[in-house]
Amino acid sequence: MLFRNATLADGRRRDVRVSGESVAAVGEDLGLGEDERTVDATGKRLLPGMIDAHVHFREPGDSHKEDWTTGSTSAAAGGVTTVVDQPNTSPPTVDGAAFDEKATLAAESLVDFGLNGGVTADWDPDSLLDRDVFALGEVFLADSTGNMGIEEPLFLDALAEADARDVTVTVHAEDASLFNVSAQERDDADAWSAYRTARAEAAAVARACEVAAERDTTIHVAHTSTPRGIDIAADAGMTCEVTPHHMYLSRNDLRELGTHGRMNPPLRREKRRQRVYDRVVDGTVDMVATDHAPHTADEKDAEIWDAPSGVPGVETALPLLLADARTGDLTYERVRDLTAANPAEVFALPNKGRVAEGMDADLVLVDPGKTHPVRADRLHTKCDWTPFEGREAVFPQLTLVRGTVVYERDSDGRPGGESESFGDAVGRNVRTAAENAGDGRERESDRLTRGEETESIADLAAEVVEERPGDDGH
Ligand SMILES: NC(=O)N[C@@H](CC(=O)O)C(=O)O
Ligand SMILES: [Zn+2]
Ligand SMILES: [Zn+2]
């Protein structure tokens, strides 16, 4: 496949050749090969697919909210080529058996994936870390969906286990002892934001960074929602992510969103939102991750203290950022760094995150000249609603995962319209895949633990992929 005359994130106009699973060449006037499909990319941007380091695809246990097929279809249509699934499923992903069960389900994924391991009083680090775990986390320092909140001693155990195996720890940092209990007397949607205070986040980020630094290790702070939380993490030499909802929504939006706008950490005041956005622009924030946390509209239609926490976002993140690149609020290079290059670096995915010769051909083609409003009924998540309804966004026209087209629509067709088609479930565990590719990256844990059992999970996943009925789209 040959993309002709594409504009890359840095503004260079180049032809890009894809061969097999990789980018074979990036150059000027690459000649057309025999039987090669050509895509005229004149006036279009060709970007590395987004690596979304934080999604909740809900399997096993809550597949009425999302499953690997709907979640990864939504990802593909949103230009996300790798997702990292979080462990608060049922059962929680806290031991080897639960990991294996999830790995089998994830073989239905259209996009590449990482599977995180969780930390609870019941976890079994030995069997869990014997598997191809992407990272430990999100470690819940306060309760969120799934009630997996833990106390500090267990967090310290997790840091030690992860350090010994050279695995990253990601942290949901809120300190429940600093929640504002007087807000519990209110019953409006804004009460959730008043309750889970900005201070509770800042304090938990500070403490988590402090204990990590004392142990000479690093953590990645999930979904920082406050300027202070971001600055503390950055100053401590740790990495952090920001969600699209904390970039684009504030407490002002709760009047319209109502209880649908409840999530952890919650929406903040407009002033804080702006200062969070500034830190995304200036590079203090390492990456955008969606915390895609689907719950059905029915479930969200409850009293504020009963509604589940979380909002969907995997399909709208890159399109919303690209709308900002179009207007100049963000540069395309920043978008590339936030969505691809930085997550690839932070989480050690050496073959992903950039459009360059030899890299995985995880690619997204977009026409910056065409925006479409976000509409819930055009999205592919099972939860059927979005907090970004009506916002203008730049949706992908073509998404490739390691050289395979997983999403495509006519340049004149609209997102969610007739001309859309989807590819097969080609997704692979990125930890397993990197090792199979023999790229020389060897983690400590590989030498210690790779054995027959892990091998057989990979084989099983490959078999399930092969067994899927033809490529009849979606
Ligand atoms: N963010 C949320 O409000 N909810 C997430 C859990 C989490 O990330 O804390 C969920 O799984 O629903
Ligand atoms: Zn969380
Ligand atoms: Zn989460």
Side-chain angles (χ1 to χ4, degrees), residues 52-67 71 83-94 102 113-120 134-150 155 158 169-176 179 189 192-193 195-196 200-201 204-205 208 219-226 229 233 240-247 249 254 257 259-268 287-297 299-300 302 304-314 317 343 381-383 385-387:
D52 186 349
H54 194 143
V55 305
H56 298 266
F57 278 179
R58 304 302 190 205
E59 275 196 299
D62 285 291
S63 53
H64 68 287
K65 297 176 196 267
E66 198 75 286
D67 60 41
V83 294
V84 179
D85 191 60
Q86 303 299 315
N88 58 336
T89 41
S90 307
T93 319
V94 294
K102 185 173 281 189
F113 55 85
L115 304 177
N116 275 3
V119 179
T120 61
F134 184 84
L136 270 192
E138 54 181 296
V139 174
F140 291 92
L141 300 183
D143 269 346
S144 187
T145 306
N147 297 326
M148 289 170 69
I150 61 164
F155 175 47
V169 176
T170 77
V171 178
H172 177 128
E174 289 184 282
D175 179 345
F179 290 171
W192 193 253
S193 292
Y195 174 59
R196 294 182 84 119
E201 171 173 293
V205 172
I219 55 168
H220 173 76
V221 187
H223 48 46
T224 43
S225 63
T226 58
C240 73
E241 70 195 28
V242 162
T243 68
H245 45 277
H246 292 117
M247 286 174 67
L249 303 172
L254 289 169
L257 289 170
T259 57
H260 282 56
R262 175 179 147 169
M263 83 287 285
N264 303 325
L267 294 181
R268 307 297 185 186
M287 68 188 80
V288 171
T290 65
D291 194 11
H292 177 77
H295 300 282
T296 67
E299 291 166 337
K300 295 291 278 185
I304 187 64
W305 300 103
D306 301 331
S309 298
V311 300
V314 73
T381 169
K382 208 182 263 191
C383 80
W385 67 277
T386 169

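Counting starts at 1 for both ligands and their atoms, in listed order. Residue numbers start at 1 and run along the sequence shown.
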Inset, instruction - Start with the C-alpha gap between Phe155 and Val171, add the side-chain angles, then the distance that decides, and say whether side chain to side chain contact (heavy atoms under 4.5 Å, CB included) holds. - result: CA-CA 9 Å; Phe155 175 47; Val171 178; 3.8 Å; yes

Inset, instruction - Looking only at protein heavy atoms, identify the closest one to atom 3 (O) of ligand 1 and say how far it is in Å. - result: Asn264 N, 2.8 Å

Inset, instruction - Tell me which one of Ala142, Pro312, Ser309 gets a heavy atom nearest to atom 4 (N) of ligand 1. - result: Ser309

Legend entry - Subset of ligand 1 atoms that lie under 4.0 Å from at least one heavy atom of His54: 8 (O)

Legend entry - Distance filter under 4.0 Å to Phe140 heavy atoms, resulting ligand 1 atoms: 7 (C), 9 (O)

Legend entry - Donor-acceptor side-chain pairing of Asp291 and Thr243 below 3.5 angstrom: no

Legend entry - Glu66 and His56 side chains, donor-acceptor separation under 3.5 Å: no

Inset, instruction - Check each heavy atom of Met263 against ligand 1 and say whether those closer than 4.0 Å belong to the side chain, the backbone, both or neither. - result: both

Legend entry - Protein contact to atom 1 (N) of ligand 1 [nearest heavy atom, distance to 0.1 Å]: Asp291 OD2, 2.7 Å

Legend entry - Polar contact flag, side-chain donor to acceptor under 3.5 angstrom, Thr224-Glu201: no

Inset, instruction - Specify whether an N/O/S atom of His223 falls short of 2.8 Å from the Zn ion (ligand 3). - result: no

Legend entry - Sub-4.0 Å atoms of ligand 1 with respect to non-hydrogen atoms of Ser144: 2 (C), 4 (N), 6 (C), 7 (C), 9 (O)

Legend entry - His295: numbered ligand 1 atoms lying under 4.0 Å from its heavy atoms: 12 (O)

Legend entry - Flag for Glu299-His64: side-chain donor and acceptor within less than 3.5 Å: yes

Inset, instruction - State if Arg58 counts as touching ligand 1 under the rule of any non-hydrogen atom under 4.0 Å. - result: yes

Legend entry - ligand 1 contact on Val311 by region, counting heavy-atom pairs under 4.0 Å: neither

Legend entry - Distance-only side-chain donor-acceptor flag, Arg58 / His292, under 3.5 Å: no

Inset, instruction - Please find out if the Zn ion (ligand 3) and some N, O or S atom of His54 are separated by less than 2.8 Å. - result: yes

Legend entry - Distance-only donor-acceptor check, side chains Asn88 and Thr145, under 3.5 Å: no

Legend entry - Contacting atoms of ligand 1, where contact means under 4.0 angstrom from a heavy atom of Thr145: 4 (N), 5 (C), 10 (C), 11 (O), 12 (O)

Inset, instruction - Mind checking whether Glu138 contacts ligand 1 via backbone (N, CA, C, O), side chain (CB onward), both or neither, at a 4.0 Å heavy-atom cut-off? - result: side chain

